Visitor: 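Can you keep this structure in mind? I'll have questions shortly.
Worth saying up front: this structure is predicted, and the values here are computed from it rather than measured.
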Number of protein chains: 2
Amino acid sequence: MKTSKATSFDIAYQAGVSQSTVSRALSGSPLVSLDTRRRVQAIAKELNYKVDKNASNLRRQHSVTLALLLFEDPTSDDSLINPFFLSMLGSITRACARRGYDLLVSFQQFSDDWHADYQDSHKADGLILLGYGDYLVARSKLQKLVEHDTHFVRWGAVVEGQPGISVGCDNVQGARAITEHLLSLGRRRIAFVGNASAHCPEFFDRYIGHCEALRAAGIAVDPLLQVDAVDSTEQVGDRALRTLHARGVAFDAVFAASDLLAIGAMHALGDLGLSVPGDVSVAGFDDIPMASFASPALTTVQQDTKRAGEILVERLLQQIRGEAARSEMLPAQVIVRRSCGANRAG
Amino acid sequence: MKTSKATSFDIAYQAGVSQSTVSRALSGSPLVSLDTRRRVQAIAKELNYKVDKNASNLRRQHSVTLALLLFEDPTSDDSLINPFFLSMLGSITRACARRGYDLLVSFQQFSDDWHADYQDSHKADGLILLGYGDYLVARSKLQKLVEHDTHFVRWGAVVEGQPGISVGCDNVQGARAITEHLLSLGRRRIAFVGNASAHCPEFFDRYIGHCEALRAAGIAVDPLLQVDAVDSTEQVGDRALRTLHARGVAFDAVFAASDLLAIGAMHALGDLGLSVPGDVSVAGFDDIPMASFASPALTTVQQDTKRAGEILVERLLQQIRGEAARSEMLPAQVIVRRSCGANRAG
DNA sequence: CTGAAAGCGCTTACAG
DNA sequence: CTGAAAGCGCTTACAG
């Protein structure tokens with residue numbers, strides 16, 4: 001019974017029509033009579049026929065799939081994925097599914113020679129780039145992508161004049177808002193955990209927003225209150241806080257550039273005998289699922305990953321269709337929980 | 001300059017050989033002189049040539065990609081993915097990459113008519129099924145997959161006589177071990193949070209292991225200490241614990257069938273004014289990243305997701321190669337942290 | 001509305 | 001070791 005696999009010729013034969021007609025009937029072409037279409041569809045279903053994607057793609061010269069390239073910090077543990085990117089992955093997968101696109105997922109190291117490979121081999125019609133990493137290093141690769149006419153979108157800081165298009169949240173605004181919140185709680189010595197250099201434009205923007213809020217409140221920015229943290233992990237956050245503590249500067253709040261860093265920082269504070277939020281308020285950025293289950297629950301800046309996934313896919317599809325697409329910044333929202341001392345339920 | 005896209009004919013022309021030779025040279029066929037191969041490779045590189053996957057796949061009749069189908073509880077929030085499956089996803093992606101396979105990722109609802117679609121359309125050579133859900137419902141679909149000669153592996157309980165092959169952790173052994181740990185700490189009234197029915201064979205197996213350990217210690221199983229929890233989320237765990245508490249039965253420990261449930265249970269215990277581990281020991285299952293950052297850090301049963309991903313992919317590839325593949329159970333390991341009262345560092 | 005035919009870009013017997 | 005040729009299973013002008 002189970003012969004190899006039905007082709008459009010098999011169903012054409014059974015339906016008593018030509019193979020072209022089968023193809024048209026199944027692809028929803030209007031050039032087919034309703035009667036023929038129904039007959040063809042019935043037989044196709046009975047034979048469990050599925051259009052061969054490889055043949056179809058080859059002929060149409062596109063693949064109806066998008067590739068998601070996840071860049072991870074090479075230093076991070078092999079099994080770890082940043083929970084924030086994971087939820088982006090979920091949202092992107094869904095956005096693709098809604099549009100009938102398949103999603104190829106691949107982990108990349110920033111050092112790899114990944115540019116254009118997917119599109120040139122017709123595995124995917126376009127690329128979605130996700131992940132932290134040294135922006136200055138990545139930039140030249142992005143440039144190459146543009147030169148090769150590769151369709152791509154990138155999640156990250158929206159920086160002036162960068163190659164290709166990016167979608168990211170408004171880091172400056174989000175950071176400003178959370179620092180204002182800390183300020184409104186009476187905090188004055190607010191430490192910032194996260195790199196503040198052009199290598200990490202997202203963290204840098206958060207630092208800028210933070211400083212803006214301070215200055216607007218008439219508070220001078222103290223460089224001693226900024227601690228570098230390249231990687232976004234609990235371990236790094238923990239260590240950063242110990243570095244800060246070792247400096248001997250006074251601080252009554254910590255704004256960490258990511259939730260993972262913030263959770264690590266809370267951990268260190270506990271070890272150091274400081275209570276959160278009694279002695280020190282702590283705020284993060286991202287609103288990963290873990291944030292609400294940290295102890296105390298973490299006040300943070302929420303990035304709308306659901307919306308982000310939608311827009312990333314939409315912008316990429318625009319490019320694929322040959323339309324003009326532009327970078328876009330999404331608003332971020334402060335989520336108040338217990339870790340800063342306020343009590344409005346999260 | 002930027003003409004459309006180089007084909008093997010373009011590079012054949014430049015190299016002064018036939019297109020067949022180009023194909024052979026690039027695919028590593030031994031039927032090509034070293035000299036020719038080098039010349040072809042150089043030109044291919046210069047032209048940024050990539051073999052067209054669609055053409056290649058069509059011809060070879062396979063796609064060198066695997067599809068990962070993620071099933072989620074339809075009740076769960078749209079943006080949520082169980083962190084345990086997320087880490088499986090990471091491990092599977094890497095296992096595929098190591099073998100040169102691409103990975104198509106797709107979310108499915110259990111209600112969807114997903115069987116065989118990917119393989120029949122030649123999008124993928126085989127399927128990896130991941131996710132909880134009603135096993136009894138899924139079973140008939142698995143049966144269909146088998147009938148359609150679809151290659152697939154499934155992560156989950158390894159149950160006797162099930163259709164297809166499965167890879168899962170030894171839930172009975174893991175549960176037995178963690179209950180023994182609780183017992184060794186002097187706990188006697190240990191509640192179990194999680195469904196105990198054939199609909200959820202993984203949770204059921206954990207319940208069985210739990211009961212085995214109790215009986216071995218001469219303790220009768222009290223049905224009042226088991227609380228249903230179908231979904232694996234913090235919310236459900238929280239609610240389950242309140243249900244348990246409302247029953248008015250005494251308990252000095254909680255073994256939750258997943259970390260998410262356990263974290264939710266700890267949350268509820270806190271609200272109820274019970275201290276962990278002072279009044280109640282709490283243990284989970286999975287060892288998701290969040291477990292070590294819960295407060296107190298969660299004692300749990302670790303599933304080796306890295307190994308699991310490897311084996312899942314390997315078993316699937318065996319089937320694709322036409323070799324016999326069999327189900328397999330991986331050992332689970334107790335990770336002791338603070339939530340049960342013991343102090344051996346985790 | 002339908003059919004015959006070309007062709008998408010490869011891989012792989014087949015013949016040398 | 002190399003080339004000419006067939007063919008993978010579709011889609012889509014082209015002609016009716």
Visitor: Could you say whether B:Gln61 or B:Gly16 is positioned toward the 5' end of DNA chain D, judged by the nucleotide with the nearest heavy atom to each?
Guide: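 In this pair, the answer is B:Gly16.
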
Visitor: Hey, does B:Ser8 reach any base, or is it just sugar-phosphate, or nothing, if we go heavy atoms under 4.0 Å?
Guide: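 Since only primed, P, OP1 and OP2 atoms lie under 4.0 Å of B:Ser8, the category is sugar-phosphate.
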
Visitor: Apply side-chain contact (heavy atoms from CB on, under 4.5 Å) to the pair B:Phe84 and B:Thr305, showing each step before the final yes or no.
Guide: CA-CA 8 Å; B:Phe84 173 73; B:Thr305 53; 3.5 Å; yes

Visitor: When the distance from CG of B:Asp120 to C1' of D:dC8 is rounded to whole Å, what number comes out?
Guide: 17 Å

Visitor: For C:dG3, does OP1 or OP2 lie under 4.0 Å from any side-chain N or O of A:Thr21?
Guide: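 True: A:Thr21 side-chain N/O within range (under 4.0 Å) of C:dG3 OP1/OP2.
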
Visitor: Under 4.5 Å between any side-chain heavy atoms of B:Tyr101 and B:Val313, yes or no?
Guide: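 Side chain of B:Tyr101 against side chain of B:Val313, heavy atoms only: no contact under 4.5 Å found.
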
Visitor: Looking at the side chain of A:Thr7, which of C:dG3, D:dG9, D:dT11 is the nearest nucleotide?
Guide: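 Looking only at side-chain atoms, A:Thr7 lies closest to D:dG9.
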
Visitor: With no hydrogens and no angle check, do the side chains of A:Asp125 and A:Ser63 hold a donor and an acceptor under 3.5 Å apart?
Guide: yes

Visitor: Do the side chain of A:Ser27 and the main chain of A:Ser23 share a donor and acceptor less than 3.5 angstrom apart?
Guide: yes

Visitor: Remember a base hit wins even if backbone is also touched, and classify B:Thr36 as base, sugar-phosphate or nothing at under 4.0 Å, heavy atoms.
Guide: sugar-phosphate

Visitor: Please list, for nucleotides 14-16 of chain D, all pairs of protein and nucleotide N/O atoms separated by less than 3.5 Å.
Guide:
none

Visitor: Rounded to the nearest angstrom, tell me the gap between atom CZ in B:Arg60 and atom C1' in D:dG7.
Guide: 15 Å

Visitor: Give the nucleotide from the list D:dA5, D:dC10, C:dG9 with an atom nearest to the side chain of B:Gln19.
Guide: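 Nearest nucleotide to the side chain: D:dA5.
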
Visitor: Using heavy-atom distances to pick each residue's nearest nucleotide on DNA chain D, tell me which of B:Ser33 and A:Ser56 is more 5'.
Guide: B:Ser33

Visitor: So does B:Arg321 pair up with B:Glu314, basic N to acidic O under 4.0 Å?
Guide: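 Looking at B:Arg321 and B:Glu314, the cut-off is met.
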
Visitor: Only Watson-Crick and G-U wobble pairs, only distances under 3.5 Å, only runs of 3 or more: what stems does that leave for DNA chain D?
Guide: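 The stems are C:1-3 with D:14-16, C:5-12 with D:5-12, C:14-16 with D:1-3.
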
Visitor: Between B:Glu310 and B:Arg94, does at least one N-O distance fall below 4.0 Å, as a salt bridge requires?
Guide: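 Not counted as a salt bridge, because no side-chain N and carboxylate O are separated by less than 4.0 Å.
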
Visitor: How close or far is atom C1' of C:dC8 from atom CG of A:Asp52, stated in whole angstroms?
Guide: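 It works out to 13 Å between those atoms.
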
Visitor: Just call it for B:Ser20: base, sugar-phosphate, or nothing, with non-hydrogen atoms closer than 4.0 Å on any strand.
Guide: base

Visitor: For A:Asn54 and D:dG7, give me the distance from atom CG to atom P, rounded to whole Å.
Guide: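 After rounding, the reported distance stands at 20 Å.
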
Visitor: D:dT12 and D:dG16: how far apart are their C1' atoms, nearest whole angstrom?
Guide: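 After rounding to an integer number of Å, I get 16 Å for this pair.
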
Visitor: Name the closest nucleotide to the B:Val32 side chain, picking from C:dC10, D:dG9, D:dT2.
Guide: D:dT2

Visitor: How close or far is atom P of C:dC10 from atom CZ of A:Arg59, stated in whole angstroms?
Guide: 16 Å

Visitor: State, without any angle test, whether B:Thr7 and B:Tyr49 hold a side-chain donor-acceptor pair at a distance under 3.5 Å.
Guide: no

Visitor: Could you walk me through whether B:Val17 and B:Val40 pass the side-chain contact (heavy atoms from CB on, under 4.5 Å) check?
Guide: CA-CA 9 Å; B:Val17 296; B:Val40 166; 4.3 Å; yes

Visitor: May I ask you to decide if B:Ser29's main-chain N or O and B:Arg37's side chain share a donor-acceptor pair within less than 3.5 Å?
Guide: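 Confirmed, B:Arg37 side chain pairs with B:Ser29 backbone.
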
